[in-house]
Amino acid sequence: MEIDFAEYQLSSQLRGHEDDARGVCICDNAGIATSSRDRTIRFWTLDESNKRDYTLSRILLGHTSFVGPLAWVPPNEEFPEGGIISGGMDTLVLVWNLATGEKVQTLKGHKLQVTGIALDGSDIVSTSVDCTLRRWRKGQQVEILEAHKAAIQAIIKLPSGELVTGSSDMTLKLWKGKSCIQTFLGHTDTVRGLAVMPGLGILSASHDGSIKLWTLSGELLMEMVGHTSIVYSVDAHASGLIVSGSEDCFAKIWKDGVCVQSIEHPGCVWDAKFLENGDIVTACSDGIVRIWTAHRDKAADAVELDSYASQLSQYKCSRKRVGGLKLEDLPGLEALQTAGTSDGQTKVVREGDNGVAYSWNMSEQKWDKIGEVVDGPDDNMKHPVLDGIQYDYVFDVDIGDGQPIRKLPYNRSDNPYDVADKWLLKENLPLSYREQIVEFILQNTGQRNFTPDPSFRDPYTGSSAYVPGAPSKSSGVSKTTYKHIPKKGMLVFDVAQFDGILKKVSEFNNALLSDPEKQHLSLTEGDMSKLGTIVKILKDTSHYHSSRFSDLDIAVMVKLLKTWPLTMIFPVVDLMRMIVLHPDGAIELFQHVKDENDTIMELIKKVTASPPLPANLLTSLRAVTNLFKSSCFHEWLQLHRMEILDAFSSFYSSSNKNVQLSYATLILNYAVLLIEKKDEEGQSQVLSAALEIAEEVSVETDSTFRALVAIGSLMLEGLVRRIALDFDVENIAKAAKSSNDVKIAEVGADIELVAKQS
């Protein structure tokens, strides 16, 4: 599908900040305000002579640490030219008069870094890492709200008047006054940036690498995935375009959910905002604020474009690695003026933007060029691929004499002698080059202290690897090793916000008390006290070995699971999730599943009935997954395996990534249990479920990884390897090996190895 889109080009660069440019604030038509790690706010105004360049007109000094969020106060009686509100790492909110450049208010109250600022009428609303939302009026704090249980990272005001906050607790919350009227669940990591999407809803940017579009009712309309690291900011334009800024050094432009352009920067993109005319402003960690335009008449001239290309090249060069070393740290060609110390000694030098390897020729007393070293490992670069297979390294080797460049692939887990022998035979080169190639590999992979595996056997001679000066080694049979399989032990979800659970139970209980028809379902003060006792025991993890639950306390929780309305049980299920991780708690709860009134199976059937509530689904999936931690539940889990997997099976491709991950973890735990129990029928069902996850393209990376580990473990130690091969698992392994995610590629290689075993 073709999308009508005019590509953005660099228009101008605003230089002045002495450290990372962190924030951008569009001040209507008055100008642009930017914040920085250099502790300043700078105000830039458009050059009226060319309508392209911006001039620095104000530097606002007052913060004692780096400055982050900014807000614009339109001109009024108090601020005839407008005002700026800034928040900093110093915990302060400062108000500035743009006409004078003076600080007119210092708002003190936050305990930690200020992360967000919104103007609500004449009130200032600020958020902080201290988990609070504070309202300021005429210089005084008039309201404080503990809005989240983890750091609040962003706040915006909607055109309809409500406020929205985003937090490290992975949620967004919609506020009307002091009341949270909607919680948005779906991100799997910190929510870092927020924006209004005109006419549609709310945009959120997250550390999970995604941007999501939500309706005000909490429905997820769209997810945009393309960044390879934390997404710090997001903004939208009336045209429907969206821009995002990321740790991956790109600002990405999106249209109808599709990334239509990626603008590379020489550093992290902390913030990105649209001007009213559609131009984009980005704040980069190199301290430069840049304007990007789709209007050809406003694009930068050729000299500035060349200058920017040079900045990018220098930045990438500074990050490029060759054989584990920074390219910029390699010596230049002058290093070849020094003679080598032994025949075959290798040296890598910098030639332009590349690392080139040389070998010392003792007989001729000169350095012979071996070849260019390419695609060394880098945290932000993909592993190289050769003939469809991903490797840690692929070296270019120039034999000389006019012969073509040859590719030498290598993984750090390989035996370099094995690699050298196979490669020389494949390339029809003399085996006398063996030591030279091995030395080259070790030098350029940082494995100078490599010790050959004593069990290694040369595939062509049948003997152990030859190492000059080393004694003979006895031959042995090599043992295949895997990076991620088989999985041992169970995975659990063991983090909980106990105070939040009790608060939500109390909130629901009050709602029942106020409803005459449901008052009989409410808890007494004594019942609430019993739940408090449960939480107190669960919080004291250091005494899990000796602490005990009362039968009556557990009975209160079970009663709620059975009697409370479906819309209210998720905090109770969350409490059960943690109880089963306590040794005595698991035993107590097990008493409620042994008879025909099986509390947990009743719960599973209830929460998975159509249409399921996301909160119920997530908490129950995690609770059942945690049951695997206690051996007393193993027979029960095996007995009810078909019912449990059938109940949850349709949610493997849920749009909620937390649900995806919880289901994949359930599958992985079942694989471990059923391998131990040697249950072939059960293993077959779990294998089928894991393959379904692995083949679904919409499933997020961690879920796919866990499914692949389950597949590999079942094939290696279970009874279903033949069945897996019939399901075309080799193609799944091949696809996994080509993944850009290292873990997925590694477990794909593991599965491929198992598949090839006779």
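The shortest distance between side-chain heavy atoms of Leu172 and Thr183 does not fall below 4.5 Å. Under the 4.5 Å side-chain criterion, counting only non-hydrogen atoms from C-beta, Ile202 is not in contact with Leu213. Looking at heavy atoms from C-beta onward, Leu673 lies in side-chain contact with Phe628 at the 4.5 angstrom threshold. At a threshold of 4.5 Å between non-hydrogen side-chain atoms, the residues Leu538 and Phe549 count as touching. Ile152 places none of its side-chain heavy atoms less than 4.5 Å from the side chain of Val129. For the pair Ile667/Leu645, a side-chain contact is recorded, criterion being any heavy-atom separation below 4.5 Å from C-beta on. Between Lys504 and Phe570 there is a side-chain heavy-atom pair separated by less than 4.5 Å. Contact of the Glu695 side chain with the Ile732 side chain is registered, since non-hydrogen atoms from C-beta on lie closer than 4.5 Å.
Closest heavy-atom contact between Ala623 and Val580: O-CG2, 4.2 Å. Smallest separation of non-hydrogen atoms from Ser662 and Asn658: OG-O, 2.8 Å. The shortest heavy-atom contact between Thr625 and Leu491 is CG2-O, 3.8 Å. Taking each heavy atom of Trp636 and Asp598 in turn, the nearest pair found is NE1-OD2, 2.7 Å. Heavy-atom minimum distance, Val556 versus Leu523: CG1-CD2, 4.1 Å. The two residues Phe705 and Ile744 make their nearest non-hydrogen contact at N-CD1, 3.9 Å.
The CG atom of Leu613 lies 12.0 Å from the CG atom of Leu618; values are rounded to the nearest 0.5 Å. Here the CG atom belonging to Leu666 is positioned 11.5 Å from the CZ atom belonging to Arg706, to the nearest 0.5 angstrom. Ser684 OG to Asp679 CG: the interatomic distance, rounded to the nearest 0.5 Å, is 8.5 Å. Taking CE of Met576 as the start and CG of Leu627 as the end, the distance is 6.0 Å to the nearest 0.5 Å. Rounding to the nearest 0.5 angstrom, the gap separating the NZ atom in Lys606 from the NZ atom in Lys562 is 8.0 Å. Rounded to the nearest 0.5 angstrom, Leu661 CG and Leu668 CG are separated by 10.5 Å.
Remark: side-chain polar atoms of Asp527 are paired, donor with acceptor, to backbone N or O of Thr524 under 3.5 angstrom. For the pair His592 (side chain) and Ile600 (backbone), a donor-acceptor distance under 3.5 Å is absent. Panel note: side chain Lys678, backbone Leu719; no donor-acceptor pair is recorded below 3.5 Å. Using a distance-only test at 3.5 Å, with no hydrogens or angles considered, a donor-acceptor pair links the side chain of Asp169 to the main chain of Thr171. With hydrogens and angles ignored, the 3.5 Å screen pairs no side-chain donor or acceptor of Asp741 with any backbone N or O of Thr701. Under a 3.5 Å cut-off, the side chain of Asp189 and the backbone N or O of Ser206 do not form any donor-acceptor pair. For the pair Asn626 (side chain) and Val492 (backbone), a donor-acceptor distance under 3.5 Å is absent. Of the possible polar contacts, none joining the Ser529 side chain to the Glu525 backbone as a donor-acceptor pair under 3.5 Å is found. Of the possible polar contacts, one joining the Glu700 side chain to the Ser703 backbone as a donor-acceptor pair under 3.5 Å is found. No donor-acceptor pair closer than 3.5 Å links the side chain of Asp574 to the backbone N or O of Thr619.
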List the steps and the verdict of side-chain contact (heavy atoms from CB on, under 4.5 Å) for Tyr663 and Phe651. CA-CA 7 Å; Tyr663 178 70; Phe651 305 112; 5.6 Å; no
Walk me through whether Arg641 and Tyr670 qualify under side-chain contact (heavy atoms from CB on, under 4.5 Å). CA-CA 8 Å; Arg641 176 254 313 158; Tyr670 253 122; 3.6 Å; yes
Can you list the steps and then say if His187 with Asp208 is a side-chain hydrogen bond (donor to acceptor under 3.5 Å, both in side chains)? CA-CA 7 Å; His187 281 295; Asp208 64 15; 2.9 Å; yes
Criterion side-chain contact (heavy atoms from CB on, under 4.5 Å) on His227 and Ile211, from CA distance to verdict: CA-CA 9 Å; His227 284 293; Ile211 301 112; 4.0 Å; yes
I'd like to know whether Thr228 forms a side-chain contact (heavy atoms from CB on, under 4.5 Å) with Phe250, so could you lay out the CA-CA distance, the side-chain angles of the two residues, the decisive distance to 0.1 Å, and finally the verdict. CA-CA 9 Å; Thr228 58; Phe250 283 92; over 6 Å; no
Take Lys488 and Glu717 through the salt bridge (charged side-chain N to carboxylate O under 4.0 Å, His left out) test and state the conclusion after the steps. CA-CA 11 Å; Lys488 300 294 185 183; Glu717 293 203 330; 2.9 Å; yes
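A donor-acceptor pair shorter than 3.5 Å can be found between the side chains of Asp540 and Ser542. A donor-acceptor contact closer than 3.5 angstrom links the side chains of Asp248 and Ser246. Side-chain atoms of Gln153 and Ser168 include a donor-acceptor pair closer than 3.5 Å. With hydrogens and angles left out, the side-chain atoms of Glu696 and Ser698 include a donor and acceptor closer than 3.5 Å. Side chains of Ser688 and Gln685: no donor on one and acceptor on the other come within 3.5 Å. Between the side chains of Ser506 and Asn509, no donor-acceptor pair of N or O atoms lies under 3.5 Å. Using modelled atom types, one finds no donor on one side chain facing an acceptor on the other under 3.5 Å when comparing Ser654 with Asn656. Side-chain contact, Ser713 with Lys487: no donor N or O sits under 3.5 Å from an acceptor N or O. With hydrogens and angles left out, the side-chain atoms of Lys252 and Ser262 include a donor and acceptor closer than 3.5 Å. Side-chain contact of Ser547 with His582: a donor-acceptor pair under 3.5 Å is present, judged by distance alone.
Cation-pi geometry between Lys539 and Phe498 is not met: the NZ or CZ atom fails to fall both under 6.0 Å from the ring centre and inside 45° of the normal. Seen from the ring of Tyr232, Arg192 does not count as a face-on cation partner, given the 6.0 Å and 45° thresholds.
We find that Lys734 and Glu752 are not joined by a salt bridge, their nearest charged nitrogen and carboxylate oxygen being 4.0 Å or further apart. Ionic pairing of Lys657 and Glu223 is present here: one or more N-O contacts between side-chain nitrogen and carboxylate oxygen are shorter than 4.0 angstrom. Ion pairing between a basic and an acidic side chain is recognised when a charged N comes within 4.0 Å of a carboxylate O; Glu746 and Lys743 show no such pairing.
Ring to ring, Phe633 and Phe590 are close: their centroids are under 6.0 angstrom apart.
A 6.0 Å sphere centred on NZ of Lys536 holds no more than 12 heavy atoms belonging to other residues, nucleotides or ligands. Within 6.0 Å of the CD atom in Glu643, the count of heavy atoms belonging to other residues, nucleotides or ligands exceeds 12.
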